[in-house]
Amino acid sequence: MIFRSVPTLLLVSRALALILLTALSLVGPFVSSAQAVEPVQISRDDTALDLTATTEIYTGRGEAFQVSTAPGTDGIVRRIEVRATNPGHEGDWAVFALANVSEEQIDRVIVAPHFRLVRSKLFWPDLGSKRILSITPSEGFALDRQPSEEADVFRITLNPGSVVTFVAELATPELPQIYLWEPDAYKDTVNAFTLYRGIVLGIAGLLAVFLTILFVVKGTSMLPATAALAWAVLGYICVDFGFLSKLISITAGDERIWRAGTEVSLAVGLVVFLFTYLSLNRWHAHLSYATLAWILGLGLLFGVAIYDPPIAAGIARISFALTASAGIILIAYLGFNRYDRAILLVPAWALILVWLFGAWMTVTGRLDNDIIQPALGGGLVLIVLLIGFTVMQHAFAGGAYQQGLFSDLERQSLALTGSGDTVWDWDVARDRVVTIPDISTQLGLSPGVMHGPARNWLPRLHPDDRDRFRATLDVLLEHRRGRLNHQFRVRAEDGHYHWLAIRARPVLGANGEIIRCVGTIVDITEQRNSVDRLLQDALHDNLTGLPNRQVFLDRLQSVLSIAGSSETVRPTVLAIDIDRYKQVNDALGIAAGDNILVALSRRLRRILKPQDTLARLSGDQFGLILLSERDPAKVADFADAVSKAITVPINFANREIILTASIGLVSCLDPQQDAASLLNDAELAMYRAKKAGGNRVEPFRPAFRSMGTDRLQMETDLRRAIDRKELSLVYQPIVRLSDAEIAGFEALMRWEHPKRGSISPEEFIPVAEQSGLISQLGAFAFDKAASDLMDWQLQTGDLPIFVSVNLSSAQLLNNELYNDVRAVLSKTRCEPHKLKFELTESVVMENAEQARLVLNKLREAGLGLALDDFGTGYSSLAYLTRFPFDTIKIDKALVRDSSDKRTVLLRSVISMALEMEMQVVAEGIETEEDAIELGRMGCQFGQSYLFGPPIGCDSVLRLLKERFPLMKRA
């Protein structure tokens, strides 16, 4: 700091003052200045003085500040200049002066509290901060700061008769209060407040723990809400009383966040308690939604408190006040309705209102003393204590003394009210119907419309129910006994019909006549609609609304019954299957596929006549019963019209989708044929059309039935083939292109049928895949290949060869594949690295994630993995990085390609594989020149009939003995 003073001589001082004023006029634009202040006179008897009113605040004056001092004992006003000690100083200063009018030296402390609830404001409140950075007196050195976590405390010493001006460097523009305390009195005051705060904190902590324990023991919903409010109060007074800073180290900025957070928690706790205690969800559903929205909004304030604590605290204070105001209305309303909880909450809520009024007067400055803030904290604890007592009355209320309070009539009345049913009372003598509560309002009618004579109900009833309703009442009156149990429809004001169910019993008079009929009436519209929907779903497709397969067969059987006695009825059945529908689902999603099916069903409906029937038989398969046409030529034209209607493009999501259909057609020629067989014939024709490429109409021919029978017979024979040892393996050599030496074999399956002879794999493998036998065939192939390999090695020695076995998708998706492979390896004692699995890209694509997991386990077991048919299909390079393949087999179509780009493609594929340290096998090599060229490109192996056809196990053994004579055992 820089201090400037004048000599004590009057003449020199005046001269220097004149010079100083001149200098100030020159540097005025750069240095802020202030006028002299009036000193506060203090004596030895003054224990505490409030300097807030006499302290002058200067904001935005820069880092250098000049002020005129208070006149000294000699009456001279001096000028001093003070410079900021903190680089982040905002230029805010405070000035006050003290005069020691006693004849003794006086020690005092200057105290500026960090936070005061007084005048903290309701909107954008002042949540506390470090107030004074330093204090510089007009004479002497800067004051020493005394340790304190709740206030800025500086110790001063005033000489007898001295007048000292103090300049305080402020951390914020606000200085809520500044005191001058006698040190011992200040210490005693702090100790007294500390004792008070400790007592209040202890009570609040015990109360929060006690309510939490009660919640654990009792478990009613009121207790956790009350406990949450108690913990919120405890958190608030922990921060307000400075106890939090004793537990954790927090800065002044962090304390503002904590203070705002606790005020938000207070607001949330009060809302939750009011909602839970009064069970507001019982009174109106919208109150639940409003409360939930209120709580969620307050919950967002916890995040706001981190970035802008004043805004969060201001909104929380407003919310607290609004909750208290809303509580007044709710408690008054529910109290007048004799709700006991609301009545018992009146004392506690009155105390909340008193506390809220005191808090409002405090934050606005109407109450200004040191006691009000701790008193408000204690008031919060008192409020929670009173609320706790109120809640405990309900939590532990009840018991044996409540039994027997209700008569049988009251129990019946309560049960009827609780069921929600409407009382239906028909005064027969006066012919007047009354419903309690009034059912007219439930139907949207004016109150009392459904009251009056029973005949007034008839115009509102459904026309089909009027006679039955009138007859039911007449029978009841005539027989004078029985019960009324009737269901009927009543038209509401909006035109919709409501299903009502009346259950009542007659009341007989002294003369034996019915004088009243009393019971209940219930709206069963939802139940009836549910039953109708179940019936609809049982008979119709819930997506398109078309009849399902069962209804289709029933109608077809009915038509066939009529056709047997009428020559004019000759039905034609069409089975329609959408081609490539699965690809549409995979590309656009199931929702898009459903929309497309709905669009197609609407198109087909438009070309039908009333006597025709369209049904959805399965996912993308429709059935059609054609009765409107009998002429074969017109039936064929109709089938073509169906096909053209399906091929019309469909616009979906800015895309044009064109679909085709495979249609099977059969006309009824034998009236004795049943519906199931006729539909089966149409489906056989449809499958024939699909097998021929789709997008065609295929009339049924009897020969189609034998095809299906042959397929079933083949499946039956294939199931027995393994046990009868009709299946075998042949091995096609795989050679090294560098020296034409055998490097391994690919195992291929063969089937020698006892009657049909050799059956090609292209014929029986698809049957095995569709029938689920492919897993058994795959397990057989792997077991046989491993056994044959071990037999060769036993007779020829350890050979540097491998055997590849094809792996199907069914095996790959089988969770037991890894265990089966380990079992085979353990049984045959075959080395894993001499066996390879070959997979195509289509097999991997069916379930990529499952395939990756299984293949990784197989690779870890030591088996080789080859990607077969590379160069066809997708040929995605992602497979080579995601899956642990160590070999790729280039498809023969790419090897035999005669285009100019063949060499470039082959060289690229081989180079890529070599860079990835993978082996390459070329399939379908036709000439030695191709083999030499591929070898120069880096391809290691080749497989084709050029190097040898598939041969049996014994032939392989002889070949190995010839090619590896030195490997034979002695």
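Since the structure is predicted, the reported quantities are computational estimates derived from the model, not experimental observations. Worth knowing before you read on, the calculation uses all heavy atoms, side chains too, and leaves out hydrogens, waters and symmetry mates.
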task: Identify which one of T136, V95, L143 satisfies the side-chain contact (heavy atoms from CB on, under 4.5 Å) criterion when paired with F166.
output: L143

- request: For the pair Y289 and L292, evaluate side chain to side chain contact (heavy atoms under 4.5 Å, CB included) and give the outcome as yes or no after the intermediate values.
  value: CA-CA 5 Å; Y289 301 140; L292 179 61; 5.6 Å; no

I156 and I106: CA distance, side-chain angles, deciding distance, side chain to side chain contact (heavy atoms under 4.5 Å, CB included) verdict: CA-CA 8 Å; I156 63 172; I106 297 177; over 6 Å; no

- prompt: Checking side-chain contact (heavy atoms from CB on, under 4.5 Å) against V268, which of L270, V271, V272 comes through?
  reply: V272

message: Around atom CH2 of W124, are there more than 12 heavy atoms from other residues, nucleotides or ligands closer than 6.0 Å?
response: no

message: Counting C-beta onward and ignoring hydrogens, is there a side-chain heavy-atom pair between D152 and I110 closer than 4.5 Å?
response: no

- request: Work out which heavy atom in I306 is nearest to a heavy atom in I257; give both atom names and the distance.
  value: O-CD1, 3.8 Å

field: Nearest heavy-atom neighbours spanning V164 and P137
entry: CG1-CB, 3.7 Å

task: Verify whether one side chain among S43 and D45 offers a donor that lies under 3.5 Å from an acceptor in the other.
output: no

- prompt: Is a donor on one side and an acceptor on the other found under 3.5 Å between the side chain of E182 and the backbone of D184?
  reply: yes

message: Check this for me: I371, atom CD1, are more than 12 non-hydrogen atoms of other residues, nucleotides or ligands nearer than 6.0 Å?
response: no

- prompt: Under 4.5 Å between any side-chain heavy atoms of W360 and L356, yes or no?
  reply: no

message: With a 6.0 Å cut-off (strictly less than), is the heavy-atom count around CD of Q41, excluding the residue itself, greater than 12?
response: no

statement: Residue set satisfying ring pair (Phe, Tyr, Trp, His ring centres under 6.0 Å) with F320, at least two apart, ordered chain then number -> W355

query: Are side-chain heavy atoms of V200 and I237 found at a separation under 4.5 Å?
result: yes

- request: Over 60° means perpendicular and under 30° means parallel, so classify the ring planes of F273 and Y277, tilted if in between.
  value: parallel

- prompt: So, Q373 side chain and L117 main chain: donor-acceptor pair closer than 3.5 Å or not?
  reply: yes

message: Applying ring pair (Phe, Tyr, Trp, His ring centres under 6.0 Å) as the test, list every pair that has at least one member in residues 364-389; sequence neighbours left out.
response: none

- request: Please identify each residue that fulfils salt bridge (Lys or Arg N to Asp or Glu O under 4.0 Å) with D46, with sequence neighbours left out.
  value: none

query: Are E81 and R79 close enough for a salt bridge, meaning some N to O gap below 4.0 Å?
result: no

query: Going through the distances and angles, do S120 and R317 end up as a side chain to side chain contact (heavy atoms under 4.5 Å, CB included)?
result: CA-CA 12 Å; S120 62; R317 293 180 179 184; 3.2 Å; yes

query: Any side-chain heavy atom of E263 within less than 4.5 Å of one from Y236?
result: yes

- prompt: Would a distance-only check, ignoring hydrogens and angles, find a side-chain to backbone donor-acceptor pair under 3.5 Å from D308 to V304?
  reply: no

query: Any side-chain heavy atom of V381 within less than 4.5 Å of one from V233?
result: yes

Short side-chain to backbone donor-acceptor contact, N100 and E104, under 3.5 Å: yes

task: Taking the side chain as every heavy atom from C-beta outward, state whether V82 and V67 have any pair of such atoms under 4.5 Å apart.
output: no

- request: Check whether the side chains of D107 and T157 place a donor and an acceptor atom closer than 3.5 Å, and report yes or no.
  value: yes

message: Can a donor-acceptor pair be found, under 3.5 Å and without considering hydrogens, that links the side chain of S319 to the backbone of I315?
response: no

- prompt: So, the side chain of S138 versus the backbone of T165: is there a donor-acceptor pair under 3.5 Å, distance only?
  reply: yes

query: Sequence neighbours excluded, which residues qualify as side chain to side chain contact (heavy atoms under 4.5 Å, CB included) partners of A232?
result: S265, L266

- request: Give a yes or no on whether the backbone of L158 and the side-chain of S162 come within a donor-acceptor separation of less than 3.5 Å.
  value: no

message: Test side chain to side chain contact (heavy atoms under 4.5 Å, CB included) on Y179 and L51; report intermediate values, then the result.
response: CA-CA 5 Å; Y179 292 96; L51 305 179; over 6 Å; no

task: Taking atom CD of E63 as the centre, report whether more than 12 heavy atoms of other residues, nucleotides or ligands fall under 6.0 Å from it.
output: no

- request: Quick one: do T59 and W93 satisfy side chain to side chain donor-acceptor pair (under 3.5 Å)? Show the steps, please.
  value: CA-CA 6 Å; T59 60; W93 305 87; over 6 Å; no

task: Kindly compute the distance separating CG (L122) from OG1 (T362), expressed to the nearest 0.5 Å.
output: 12.0 Å

query: Do any N or O atoms from the side chain of Y196 and from the backbone of P374 form a donor-acceptor pair under 3.5 angstrom?
result: yes

- request: Only counting residues at least two apart or in another chain, list the ones meeting ring pair (Phe, Tyr, Trp, His ring centres under 6.0 Å) with W294.
  value: none

statement: Correct closest heavy-atom pair for A305 and A260 would be CB-CB, 4.0 Å

message: How close do G205 and L234 get, counting heavy atoms only, and between which atoms?
response: N-CD1, 3.7 Å

Heavy-atom side-chain contact between V167 and F96 under 4.5 Å: no

task: Supply the atom-to-atom distance K187 NZ to Q146 CD, rounded to the nearest 0.5 angstrom.
output: 11.5 Å

query: Roughly how far apart are D50 CG and I178 CD1, rounded to 0.5 Å?
result: 9.0 Å

- line: Heavy-atom closest pair (S134 atom, T85 atom, distance to 0.1 Å) is OG-OG1, 3.9 Å

message: Any heavy-atom pair between the side chains of I199 and I203 that's under 4.5 Å?
response: yes

query: Only one of K121, R131, R116 forms a salt bridge (Lys or Arg N to Asp or Glu O under 4.0 Å) with D126, so which one is it?
result: R131

message: Taking the cut-offs as 6.0 angstrom to the six-membered ring centre and 45 degrees off its axis, would you call R83 and F65 a cation-pi pair?
response: no

- prompt: Ion pair present between R145 and E169, side-chain N to carboxylate O less than 4.0 angstrom?
  reply: no

- request: Could you tell me which residues satisfy ring pair (Phe, Tyr, Trp, His ring centres under 6.0 Å) with Y186, sequence neighbours excluded, listed by chain and number?
  value: W181

